[in-house]
2 protein chains.
Amino acid sequence: MPNDEKPTTSVWTRPRPRQREHLTREQIVAEAIRLLDAEGVEELSMRKLGTRLGTAATSLYRHVANKDELIELVVDDVYGEPDVPTVVDGTRWRAAVTHTATELRAMTLRHPWIAPALGQVGLVHIGPNAMRMSSALLAQFEAAGFPADEMDQAMATLMAYVIGIATAEAAYLSLIARSGQTEQEWVAGLRPAFDEATREHPRLRAGSSAQQDVHPQRIRDDNFAYGLDRVLDGLAARLTP
Amino acid sequence: MPNDEKPTTSVWTRPRPRQREHLTREQIVAEAIRLLDAEGVEELSMRKLGTRLGTAATSLYRHVANKDELIELVVDDVYGEPDVPTVVDGTRWRAAVTHTATELRAMTLRHPWIAPALGQVGLVHIGPNAMRMSSALLAQFEAAGFPADEMDQAMATLMAYVIGIATAEAAYLSLIARSGQTEQEWVAGLRPAFDEATREHPRLRAGSSAQQDVHPQRIRDDNFAYGLDRVLDGLAARLTP
DNA sequence: CACGTTAGCGCACGCTGTACGCACCTTGCG
DNA sequence: CGCAAGGTGCGTACAGCGTGCGCTAACGTG
């Protein structure tokens, strides 16, 4: 087989004429999110992402400065997901904020890998989606009647609670996902080790064993709602002196 | 030079007789924390850690299963730092919880790398230090008079807030640390870009530009205290119906 | 003194992010 | 219509990573 002549430019090997901009930043970000959702943060590599997009890994660097920048773009893209309603009636601010908080939690649980990323890349983004979200949330607090010098602090308090509890849940869920079990199986399997570890700390066991038969996801939903109500109670108290 | 005979066992090359257990798990964890504090999470490699300890990287694997387990150990070690006081007088629970929350925040700011690690390794640890800390904090809520079925939720609410806001601060601080500037320089340097980005979101600019001359660290302290007070207000309201 | 156990380590493998420079396609202009 | 310019994709390469494997040598025990 004497087909050793210019193997890269052989008629059959020659790549089909691709149109310009075959690869766009939007496609890269979208595929990265898909990969992250499917396999988790430590499975994201530029080579793997390139393969999924049908290109070489180094081609991605034409559209993205480096991996850190890609993650920044990906995080901001996800920040575009939550629905943050506009408050028309100031007395209904609490329902609106509750809705936003629920959306933010859902966002984090849909993309559990975002929790460690937030810890690396910073919570305060200057990405357009993150800014739009923050601005809309701040508007809800403004409509509620918080004074200008307190609005920021009130929003930061809510955000800290939501991100904090959602990060905890996300870490827990991706731990389970890596084990390949369902949440209930995993909880049941860990119980002996947990009982053993809490032998000296009976207080820690009381609460969890009480609701041993309740669906774990239900427990998490209730916990989130409870804390959110307490935080909003504390904030609301500042409005009616 | 015919010194090719058994170069590994040459008299001069032969390593000095090391005593057994030259390396311990405690030393490895302690040195890892020192390295993490000094250079951040992405500068921690097994090779670098080995070099710092005067051994080969692979020697560490005699004492630690893998890098993930090392990080688990490191995180639990840090959880041993906060001082969580025992509540003797139930009416003073709020001061005790405030103290604990402040300690937890200080812990996170001393070791900013712990924030992404928490997102990977999970907030709920079964490490001994984390369990001791959780148990002691739960005791504070018990002393406050929370009913048994609500203690857990109350503690989770507080922890979510503290971890959330401390994570945000930690990410922000390590971003600054990587830039090699002081916090004030960094804030000043970023202001033009921030103003540009908030052109369409004037609400976001109002709060921050108001206190442009206040020391940034002071702002963060105030924000933390404000949110903590709101969360505790909301929780306290459950005790006095 | 001999023997089994085990800490430390050199080597190697497959993987990572990404700098560099070449080959080609598309476009703008003469 | 032809040609220069610029930008896109990609092959190669490099330094560094986590870690499995098997060897050497020191230790505790009999």
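In what follows, chains are A, B, ... by sequence order, proteins preceding strands, each numbered from 1. Only a predicted model underlies this, so the values are computations on that prediction, with no experimental measurement involved.
Taking Glu43(B) as the reference, Lys48(B) meet the side-chain hydrogen bond (donor to acceptor under 3.5 Å, both in side chains) condition, with sequence neighbours excluded. In this structure, His201(A) has no ring-ring contact (aromatic ring centres under 6.0 Å, His included) partners at least two apart in sequence or on a different chain. Listed by chain and number, the residues in a side-chain hydrogen bond (donor to acceptor under 3.5 Å, both in side chains) with Asp195(A) amount to none (sequence neighbours excluded). For Ala188(B), there are no side chain to side chain contact (heavy atoms under 4.5 Å, CB included) partners at least two apart in sequence or on another chain. Every residue two or more places apart in sequence or in another chain was checked for a side-chain hydrogen bond (donor to acceptor under 3.5 Å, both in side chains) with Thr55(A), and none qualifies.
Listed by residue number, the members of residues 40-50 of chain B with any heavy atom below 4.0 angstrom from DNA chain D are Leu44(B), Ser45(B), Met46(B), Arg47(B).
When the P atom of dT18(C) is taken as reference, atom CG of Leu70(A) falls 10 Å away, rounded to whole Å. Atom CD1 of Ile28(A) is separated from atom P of dC10(D) by 11 Å (rounded to the nearest Å). Rounded to whole Å, atom P of dA7(C) lies 16 Å from atom CG of Leu53(B). Residue Lys67(B) contributes atom NZ, which lies 17 Å from atom C1' of dG20(D) at whole-angstrom precision. Atom CG of Leu60(B) and atom P of dG18(D) are 10 Å apart (whole Å). One interatomic measurement links the two molecules: CG of Leu35(A) to P of dT16(C), which rounds to 11 Å at whole-angstrom precision.
Comparing atom distances between the His63(B) side chain and each of dT8(D), dG8(C), dT18(C) picks out dG8(C) as nearest. The side chain of Tyr61(B) has dG18(D) as its nearest neighbour among dG8(C), dG18(D), dG17(C). Comparing dT19(D), dT8(D), dG8(C) by their nearest atom to the side chain of Leu23(B) picks out dG8(C). Set against dT19(D), dG21(C), dG11(D), the side chain of Arg62(A) has dG21(C) as its closest nucleotide. When distances run from any side-chain atom of Thr58(B) to the nucleotides dT12(D), dG10(C), dG18(D), the shortest one goes to dG10(C).
At a threshold of 4.0 angstrom between heavy atoms, the contacts of Thr55(A) are confined to the sugar-phosphate backbone, with no base atom among them.
A salt bridge is defined here as a Lys NZ or Arg NE, NH1 or NH2 lying under 4.0 Å from an Asp or Glu carboxylate O, and Arg132(A) with Asp76(A) fails to meet this definition.
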Any chance you could lay out the salt bridge (charged side-chain N to carboxylate O under 4.0 Å, His left out) test for Glu39(A) and Arg52(A), step after step, and finish with the verdict?
CA-CA 13 Å; Glu39(A) 308 195 22; Arg52(A) 281 195 168 221; 3.5 Å; yes
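One finds a side-chain N or O of Ser59(A) lying less than 4.0 angstrom from the OP1 or OP2 phosphate oxygen of dC10(D).
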